[in-house]
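Dumping the structure here so I can ask a few things about it.
What you see below is based on every heavy atom in this structure, not just the backbone, and it leaves out hydrogens, waters and symmetry mates. Everything numeric in this text was worked out from a predicted model, so none of it was measured.
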Amino acid sequence: MSAARFAARSFLSRRLAATVPAAAPAASTPAASTCPAAQQQQQSQFHSSAHLEARRRSRFKNVRAVEMGLTSDAKIESFTKKKFAEYTEDEKAALAHNYPAEHMEAIEAAEAAIDPKDLTIQGRLRVDPYRMPYIDDFSEIQPIIDKRARRSAPPSHKARFMDVDEFTQDLINWADEIRRGEPTHRMKKLRDFVPEEFFEKPEGQWPKDVRDEAFTKFWAYLKDQKDADAKAAANATGPTDGDILSYILERSSMTDNNLQANSSLAPALPDKVPGVEGKYRNAIDPADDGLDDKGQYQELKKRTGMSVRQILQLKTKKLVHRRVVNQTRLGKIASDSVMVIAGNGDGWLGLGMAKSVEASIAVEKATLLAIQNMQPIPRYENRTIYGEVTTKVSGTIVRLNSRPPGFGLRVSHRIFEMCRAAGIRDLSAKFLRSRNPMNTVKATYQALLSQPNPEDLAIGRGKKLVDVRKVYYGGSVY
């Protein structure tokens, strides 16, 4: 290796010496080493990469100042007056009508502090359709990027479930919040109808006569409140069914001032998100007539050009379903491998394979792939294949033979489903070696696509293809 490098360097040095003019010294002299071409070739003798100057070139073309109009003072002045014109008197009057005097002083100070010429030279923005979104509009909320603002403090970690009195008071406060009549303020309790000496004592220590008198007054008070509420309800509307349902489902039953605690579940987005409403179209296409409410076939519609109704009319069949296992360092991960065919029953057939942890997801993915991969199948008289076809896939060999009308499908059950989906009615098949289910389906699909075309054979032999039965029975003359 070293001998080859030495020979190559000697050859290159002789070539460089030959390119130097005759008046110059030999290649080994200092004058030859100062030749720029020689230095450049010596530095990159056996290097495959580009030179440093070529590597420093940017992939993007620079925008010259002349093209932007920054070299001429006249162009700068005209651009400044056109794009960054000062406020006219009418515009100032309109601003003064909408803003107070303090805001107008701030606007005038900002206009005086900013030089429009600096904006022209340093603040030029791209207006082409390929510009990047360098400027953000902070007036709009982006739910994906912006954090949700906290409207209140987090709930206390010392919160507990409310007792009967606290629950009653919370119900009264909720009713006062949504009531549209006179507020009830505070409803009296049984303790408010006993003498002061028994007010601090528990209810079990009250004398019997005191307790009975308090109950009598309390029930009379409730009756009066009921009558007052009935009169108020005649003039004002109370809580609706939606308000009551919201109280039952959303109102907190703990002493946390109805604050929601942190949860691992993200809150669901409402129907109309501020800042996003109207910017994105729904995946549901009204032209589908409600056949694809989940948007399952929208991408398939774009790829195939078919409507949802045409997709649903296709014949699909699951032919192979295997349970496979992937061995990883974390253990064995089982999944389902599915092979599905799809066809329109009139000369089109597709094959799709998919794998997923869930069997239903694997079938759905394989079905969409089968519809997407549909290809035309040549058919003789729209009932059988052309001649005999033999295909080998791995250790499986499939031989398909065309048959006369009325012969039927004398094939295995998987090939039978494929023929029915493709619109083939007369066929015979034979497996010469392995009968692996997945390989048999693949070999049959490959055989149907690789049939010999009689037109191509006739052209290759320099002859003309004629239907003998049509000439004999129909009397046609070619």
- For Asn373 against Tyr445, the heavy-atom pair lying closest together: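 The answer is O-OH, 3.4 Å.
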- Query: Is there side-chain contact between Val411 and Met418, with at least one heavy-atom pair below 4.5 Å?
  - Reply: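 SC-SC contact between Val411 and Met418 ruled out.
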- Task: To the nearest 0.5 angstrom, please state how far the CZ atom of Phe79 sits from the OG1 atom of Thr120.
- Result: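 Answer for the CZ-OG1 pair, Phe79 versus Thr120, is 6.0 Å.
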- Item | Considering all heavy atoms, the nearest His321-Ala359 contact |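 Shortest heavy-atom contact: CE1-CB, 4.1 Å.
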- Query: Run the side chain to side chain contact (heavy atoms under 4.5 Å, CB included) check on Leu368 and Glu299 step by step: do they pass?
  - Reply: CA-CA 10 Å; Leu368 296 179; Glu299 186 66 23; over 6 Å; no
- Look at Asp289 together with Arg309 and state whether they make a salt bridge at an N to O cut-off of under 4.0 Å.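 Yes, Asp289 and Arg309 are salt-bridged.
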- Verify the distance criterion only: is there a donor paired with an acceptor across the side chains of Gln310 and Asn344 at less than 3.5 Å?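 Result is no, nothing qualifies.
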- Item | Main-chain N/O of Phe407 paired with Arg425 side-chain donor or acceptor, under 3.5 Å |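 Between the backbone of Phe407 and the side chain of Arg425 there is no qualifying donor-acceptor contact (under 3.5 Å).
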- Evaluate the side-chain proximity of Ile377 to Trp348: yes if any heavy-atom separation is below 4.5 Å, no if none is.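 SC-SC contact between Trp348 and Ile377 ruled out.
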- Working for side chain to side chain contact (heavy atoms under 4.5 Å, CB included), residues Leu312 and Tyr297: CA-CA 10 Å; Leu312 295 177; Tyr297 302 105; 3.8 Å; yes
- From OG (Ser307) to CG (Asp292), nearest 0.5 Å: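 Those atoms lie 11.0 Å apart.
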- Message: Testing the 3.5 Å rule here: is there a donor-acceptor pair between the side chains of Asn173 and Gln169?
- Response: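 Result is yes, a qualifying pair exists.
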- Query: Between Asp426 and Arg379, is the closest basic N to carboxylate O distance under 4.0 Å?
  - Reply: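 No, Arg379 and Asp426 are not salt-bridged.
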- Just wondering, do Val389 and Ser450 contact through their side chains at under 4.5 Å, heavy atoms?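 They are in side-chain contact.
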- Item | Nearest heavy-atom neighbours spanning Ala366 and Ala354 |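 Smallest interatomic distance, heavy atoms only, reads N-CB, 3.5 Å.
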- Query: Between the main-chain N or O of Pro378 and the side-chain N or O of Gln451, is there a donor-acceptor pair closer than 3.5 Å?
  - Reply: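 Yes; at least one donor-acceptor contact below 3.5 Å.
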- Message: If you define the side chain from C-beta out and look only at heavy atoms, does anything of Pro437 sit under 4.5 Å from Arg322?
- Response: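 Side-chain contact under 4.5 Å: no.
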- Message: Quick check: do Ile333 and Val325 have side-chain heavy atoms less than 4.5 Å from each other?
- Response: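 Result no, sub-4.5 Å side-chain heavy-atom pair not found.
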- Message: Does Gln298 form a side chain to side chain contact (heavy atoms under 4.5 Å, CB included) with Asp288? I'd like the steps, not just the answer.
- Response: CA-CA 10 Å; Gln298 298 303 316; Asp288 298 337; 2.9 Å; yes
- Message: More than 12 heavy atoms of other residues, nucleotides or ligands under 6.0 Å from NZ of Lys317: yes or no?
- Response: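 Incorrect, the count does not exceed 12.
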- Quick one: closest heavy-atom pair of Thr316 and Ala342, and the distance?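 It is CG2-CB, 3.8 Å.
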- Item | Pair Asp336 + Arg323, salt bridge at N-O below 4.0 Å |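 Salt bridge between Asp336 and Arg323, a charged N being under 4.0 Å from a carboxylate O: yes.
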- Task: Kindly say whether Leu300 contributes a backbone atom to a donor-acceptor pair with the side chain of Thr304 at under 3.5 angstrom?
- Result: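 Between the backbone of Leu300 and the side chain of Thr304 there is a qualifying donor-acceptor contact (under 3.5 Å).
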- Query: Can you tell if the side chain of Ile114 reaches within under 4.5 Å of the side chain of Phe84, non-hydrogen atoms only?
  - Reply: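 SC-SC contact between Ile114 and Phe84 ruled out.
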- Query: Can you list the steps and then say if Arg414 with Met339 is a side chain to side chain contact (heavy atoms under 4.5 Å, CB included)?
  - Reply: CA-CA 11 Å; Arg414 293 186 179 89; Met339 178 178 288; over 6 Å; no
- Message: Test: side-chain hydrogen bond (donor to acceptor under 3.5 Å, both in side chains). Region: residues 393-406. Which pairs qualify, not counting sequence neighbours?
- Response: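 Every side-chain hydrogen bond (donor to acceptor under 3.5 Å, both in side chains) pair that includes a residue of residues 393-406, provided the two are not neighbours, is Arg403-Ser428.
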- What distance separates Thr444 OG1 from Phe416 CZ, expressed to the nearest 0.5 Å?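 Answer rounded to 0.5 Å: 14.0 Å.
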- Task: Kindly write out the residues that satisfy salt bridge (charged side-chain N to carboxylate O under 4.0 Å, His left out) with Arg435, not counting sequence neighbours, or none if the list is empty.
- Result: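 Residues passing salt bridge (charged side-chain N to carboxylate O under 4.0 Å, His left out) with Arg435: none at all.
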- Message: Within a 6.0 Å radius of atom NZ on Lys301, are there more than 12 heavy atoms belonging to other residues, nucleotides or ligands?
- Response: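 Yes, enclosed.
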- Message: How close do Ile415 and Ala429 get, counting heavy atoms only, and between which atoms?
- Response: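 Nearest heavy atoms, Ile415 then Ala429: CD1-CB, 3.9 Å.
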- Could you state the interatomic distance from OH (Tyr380) to CD1 (Ile385), rounded to the nearest 0.5 Å?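 CD1 of Ile385 is found 13.0 Å from OH of Tyr380.
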- Side chain proximity check, His413 to Glu417, heavy atoms < 4.5 angstrom: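 In short, these two side chains do not touch, never coming nearer than 4.5 Å.
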- Query: How long is the span from the CG atom in Leu448 to the CD atom in Gln375, to the nearest 0.5 Å?
  - Reply: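 Those atoms lie 11.0 Å apart.
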- Item | Considering all heavy atoms, the nearest Ala362-Val338 contact |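 Nearest pair, atom of Ala362 first, then Val338: CB-CG2, 3.8 Å.
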- Message: Please report the interatomic distance NZ(Lys117) to CD(Glu77), rounded to the nearest 0.5 Å.
- Response: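 It comes to 5.5 Å.
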